[in-house]
Amino acid sequence: MMACASLASSRPSVFFCSPRPRASTPRPPHPVLRCSNPKSDFSHHTGKLENLIAHVQNPSSNVSIDQLESQVPMTGGAYDFKGATTSVTNEILSSPKRVTLVRHGLSSWNNENRIQGSSNLSILTDIGARQAEKCRDALTDISFDICFSSPISRAKSTAELIWHGRDKPLVFLDSLKEAHLFFLEGMTNADAKMKYPELYTTWREDPANFNVDGIYPVCKLWVTAREAWREILSSPGESFLVITHKSILRALICTALGLGPERQDSLSCFHEGMFRAVDVNNGGISVFTFNRRGEAILQSLNMTAHMYSNHIYHY
C-alpha cells in the first residue's frame, strides 16, 4: 500500500506517495497527556484566544500584533500553532519584515550565453537597463526602508537604476554576491560542456555535488544566503528591497523555506533538492514576509507582469 499526501488546490488533488511501513513495524506509543490543572490551563488558553478573536474582529483594538505574537504562537500564517516553518534568524526580530527580491537586468554575458559566476566583467546591457527601469516603475508605490544589493557590476547598476529618486540607504553586501565558479567563468556554456564535460554535467544536473578542488560553490551559497538573511532581517525598518543574482536568489528562496540544495531522486523527498527547481527571470520580483520569529512565508515568486506592461504592484 502507499501512504499519500494531497496538495490542496482548485484543481483535482495531486498525490505524492511513498511506501507505507509494513504492518509488522511497531508503532511508537502515544504520548501521555498530563494536566496538573485542566481548568486553569483552559482558562489561560481561552484568555489568549479571546485576545486573538478581539484583534481579528477589530484590527484597531488595543491588542497589538506584537502583544498577540508574544501571547499566542504563530507559524505559517496561522495563530496558536508552532513548528510549521523554520526561522532563518533563530532570534526574535524587532518587528515583522517584508523583503522584495529582484534579479538584475539582462547582462552582457546573459546575452552571450556565458557562465557568469562572481565575475565583475559581465555588465548591464541597454535592455537590462530598461528592465531595471521597468522594475523601478512597477515598485513606485511600494515603500522601502533600505535597498540591499550585490556589489557585482550587473546587480549594482540594476540597484542604482531601481533606487534612483529614493532618499533611503543603498547598502552593498558581500553576502549577496553570486557563486564563484572558478575557471568556468567567462566560458560559453557550449565551450564549457565541450572542454569539461563531466564537471559541466555535474553543475547542470547535480549542482550540490559540483566541486573544484574540494570546494562546493552551491553548498557555500547556502551558507552565505543564511548570512545575508540575518544581515537583512536584523536591520532597522520593516520593508526591504534586495537586488542580486540568479543562483544566490535560488539559495535565498530555498533557505527561507527550509529547503536544501541536494538532488533527490525519490518523490517522497521531492522537497529536498530545489536549486534547479526554482527559476527567476532577469527583472523577476519575488516577495517574502517574515514574522518576528524570523519565519518566512513566500507571498509571490518571479513576478514578471511589469516586463510586458506598465503594471504597478500593490502589496
Side-chain angles (χ1 to χ4, degrees), residues 51-52 55-56 59 63-103 135 139 141-150 159 162-163 166 168-176 221-261 271 274-275 278 280 284-303 313-315:
N51 282 341
L52 170 60
H55 179 81
V56 171
V63 182
S64 70
I65 286 291
D66 285 351
Q67 290 172 323
L68 195 58
E69 286 194 7
S70 68
Q71 296 174 6
V72 183
M74 184 190 82
T75 187
Y79 283 101
D80 208 29
F81 293 92
K82 57 185 178 180
T85 55
T86 57
S87 173
V88 296
T89 59
N90 294 320
E91 61 184 29
I92 298 297
L93 304 178
S94 59
S95 63
K97 312 281 186 178
R98 182 181 66 203
V99 181
T100 300
L101 306 172
V102 182
R103 184 185 172 195
C135 290
L139 297 171
D141 287 347
I142 307 298
S143 175
F144 296 108
D145 298 304
I146 304 174
C147 177
F148 297 97
S149 172
S150 161
I162 293 177
W163 205 241
R166 295 184 185 252
K168 299 294 180 64
L170 171 57
V171 178
F172 298 100
L173 297 180
D174 285 344
S175 56
L176 291 175
L221 207 58
W222 252 242
V223 175
T224 56
R226 293 188 183 100
E227 179 186 338
W229 277 129
R230 286 191 291 270
E231 289 184 89
I232 293 165
L233 295 174
S234 64
S235 300
E238 297 183 358
S239 178
F240 306 124
L241 180 63
V242 175
I243 317 293
T244 188
H245 313 267
K246 186 175 187 175
S247 291
I248 183 65
L249 276 171
R250 285 169 159 165
L252 287 167
I253 291 165
C254 288
T255 51
L257 297 176
L259 304 173
H271 60 286
M274 298 295 289
F275 182 78
V278 175
V280 181
I285 297 174
S286 304
V287 182
F288 275 96
T289 54
F290 293 84
N291 63 21
R292 292 190 63 234
R293 291 172 181 80
E295 298 169 337
I297 296 181
L298 178 61
Q299 302 290 348
S300 58
L301 177 65
N302 195 28
M303 296 189 294
Y313 294 108
H314 297 93
Y315 53 84

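Just so you know, these numbers come straight off a predicted model, no measurement behind them. In this chain, residues are counted from 1 in sequence order.
Annotation for Phe240 and Ile232: closest pair CE1-O, 3.4 Å, computed over non-hydrogen atoms. Contact record, Val278 with Arg250: O-NE, 2.6 Å, taken as the closest heavy-atom pair. Considering all non-hydrogen atoms of both residues, Leu93 and Leu233 come closest at CD2-O, 3.7 Å. Shortest non-hydrogen contact noted between His245 and Leu176 is CD2-O, 3.5 Å. Summarising the geometry of Leu252 relative to Ala225, their closest heavy-atom pair is CD2-O, 3.6 Å, with the distance given to 0.1 Å. Counting all heavy atoms, side chain and backbone alike, Ala296 lies closest to Ala256 at CB-O, 3.5 Å.
Considering only heavy atoms from C-beta on, Phe290 comes within 4.5 Å of Val88 through its side chain. Under the 4.5 Å side-chain criterion, counting only non-hydrogen atoms from C-beta, Ser247 is in contact with Phe275. Tyr315 places none of its side-chain heavy atoms less than 4.5 Å from the side chain of Asp141. Contact of the Leu241 side chain with the Ile142 side chain is not registered, since no non-hydrogen atoms from C-beta on lie closer than 4.5 Å. Two residues are said to be in side-chain contact when any heavy atoms from C-beta on lie closer than 4.5 Å; Thr244 and Leu101 fail this criterion.
Here Ile248 contributes atom CD1 and Leu173 contributes atom CG; the two are 10.5 Å apart, rounded to the nearest 0.5 Å. Between Asp174 atom CG and Glu231 atom CD the span is 8.5 Å, to the nearest 0.5 Å. We find the OG-CD1 distance between Ser149 and Ile162 to be 8.5 Å, quoted to the nearest 0.5 Å. One distance of note links SG of Cys147 with CZ of Phe172; it measures 7.5 Å at 0.5 Å rounding. Interatomic distance, Thr89 OG1 to Arg226 CZ, rounded to the nearest 0.5 Å: 13.0 Å. How far OG of Ser175 is from CZ of Arg230: 9.5 Å, rounded to the nearest 0.5 Å.
Between Phe288 and Trp229, the ring-plane angle classifies as perpendicular under the 30° and 60° cut-offs. Classification of the Phe144-Trp163 ring pair by plane angle, with boundaries at 30° and 60°, yields tilted.
Partner of Thr289 under the side chain to side chain donor-acceptor pair (under 3.5 Å) criterion, chosen from Glu295, Gln299, Lys97, Glu238: Gln299.
Tyr313 pairs by the ring pair (Phe, Tyr, Trp, His ring centres under 6.0 Å) definition with His306, His311, not counting sequence neighbours.
Although no hydrogens or angles enter the test, the distance criterion places no donor-acceptor pair under 3.5 Å between the side chain of Thr255 and the main chain of Trp222. Although no hydrogens or angles enter the test, the distance criterion places a donor-acceptor pair under 3.5 Å between the side chain of Ser286 and the main chain of Asn302.
Side chains of Ser239 and Arg98: a donor-acceptor N/O pair is present below 3.5 angstrom, by distance only.
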